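This one's a predicted model, so the numbers in the text were calculated from it and none came from an experiment. In listed order, ligands and their atoms are each counted from 1.
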Amino acid sequence: MKRSKSSRRWLADHEDDEYVKRARAEGYRSRASYKLLEIDDKYHILRAGALVVDLGAAPGGWSQIAVKRAGSEGKVIALDILEMAPIQGVEIIQADFTEDSSLEDLLELTGESRVDLVISDMAPNLSGMKDIDQPRSMYLVELAYDFASRVLRRNGALLVKCFEGEGMEATRQLFRGGFDSVSNFKPRASRAASRELYLLGRGFKGR
Ligand code: SAM
């Protein structure tokens with residue numbers, strides 16, 4: 001199939017991208033791995049022995065980091081609507097997080113244990129139209145927050161990808177209600193033109 005000029009430009013930029021090159025050289029499945037590395041190097045949210053749930057996990061760059069840092073005593077559960085190739089030490093659920101049944105699938109794997117950390121890099125397929133993309137993205141953030149409120153242990157943490165725009169201030173407020181500390185972080189590895197930012201709540205106050 002003939003590629004459009006803009007998709008050829010995207011491919012050329014992608015091939016030139018420092019983090020894409022590093023991910024290939026260092027065996028990470030996506031350049032997103034470097035975002036989580038940066039966040040964890042600053043905030044130390046991935047502890048040895050942790051139970052971690054990774055939402056919107058495919059192709060698996062974050063899960064690779066999570067399983068490495070949680071170590072053999074830890075456990076990582078990854079969920080995505082897309083199929084994801086296995087990663088040693090990661091339990092994978094292929095499901096749509098907006099469906100109620102995905103919650104049951106997740107709870108089946110967490111069992112009675114409380115979760116230490118929920119990380120969500122979920123993003124809707126972007127249409128490029130802010131009025132459509134922003135509410136879709138905020139809906140996924142809200143669902144991730146609701147899920148985290150149900151499963152986190154006291155003092156646990158939640159990291160979510162957001163897009164700056166309508167609804168962000170209300171989301172920050174929501175986080176401030178549920179967590180002792182709330183931070184905004186824009187990793188160096190985020191593409192310069194992207195409005196994405198990560199919201200991190202630490203010190204879950206409990207239900
Ligand atoms: N963190 C991943 C990594 O390091 O490789 C990259 C995640 S990618 C930016 C966003 C992911 O969110 C996509 O794989 C997409 O399929 C997933 N996603 C979007 N909506 C979803 C939904 N409703 N349920 C489950 N996954 C979803």
Student: With distance as the sole criterion, is a donor-acceptor pair present between the side chains of Tyr34 and Glu18 under 3.5 Å?
Tutor: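 Side chains of Tyr34 and Glu18: no pair found under 3.5 Å.
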Student: Nearest 0.5 Å please: distance from the CD1 atom of Ile65 over to the NZ atom of Lys68.
Tutor: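 Answer rounded to 0.5 Å: 5.5 Å.
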Student: Would you call the rings of Phe204 and Phe179 parallel, tilted or perpendicular, taking 30° and 60° as the class edges?
Tutor: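 Taking Phe179 first and then Phe204, their aromatic rings sit tilted (interplane angle of 30° to 60°).
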Student: What short N/O contacts, under 3.5 Å, does ligand 1 make with the protein, listed by atom pair and distance?
Tutor:
residue	atom	partner	partner atom	Å
ligand 1	1 (N)	Asp121	OD2	2.8
ligand 1	4 (O)	Ser30	OG	3.1
ligand 1	4 (O)	Gly61	N	3.3
ligand 1	4 (O)	Trp62	N	2.9
ligand 1	5 (O)	Ser30	OG	2.9
ligand 1	5 (O)	Pro59	N	3.4
ligand 1	5 (O)	Gly60	N	3.2
ligand 1	5 (O)	Gly61	N	2.9
ligand 1	14 (O)	Ala58	O	3.2
ligand 1	14 (O)	Asp80	OD1	3.4
ligand 1	14 (O)	Asp80	OD2	2.8
ligand 1	16 (O)	Asp80	OD1	2.6
ligand 1	23 (N)	Asp96	OD1	2.9
ligand 1	24 (N)	Phe97	N	2.9
ligand 1	26 (N)	Ile81	N	3.3

Student: Closer than 4.0 angstrom, basic N to acidic O: yes or no for Glu169 and Arg172?
Tutor: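 Answer for the salt bridge query: yes.
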Student: Parallel, tilted or perpendicular: which one describes the rings of Phe97 and Phe147, with boundaries at 30° and 60°?
Tutor: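 Answer is perpendicular, since the angle exceeds 60°.
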Student: Which residues pass the side-chain contact (heavy atoms from CB on, under 4.5 Å) test with Ser120, sequence neighbours left out?
Tutor: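 Ser120 satisfies side-chain contact (heavy atoms from CB on, under 4.5 Å) with Leu55, Met122, Ala144, Val160 once adjacent residues are dropped.
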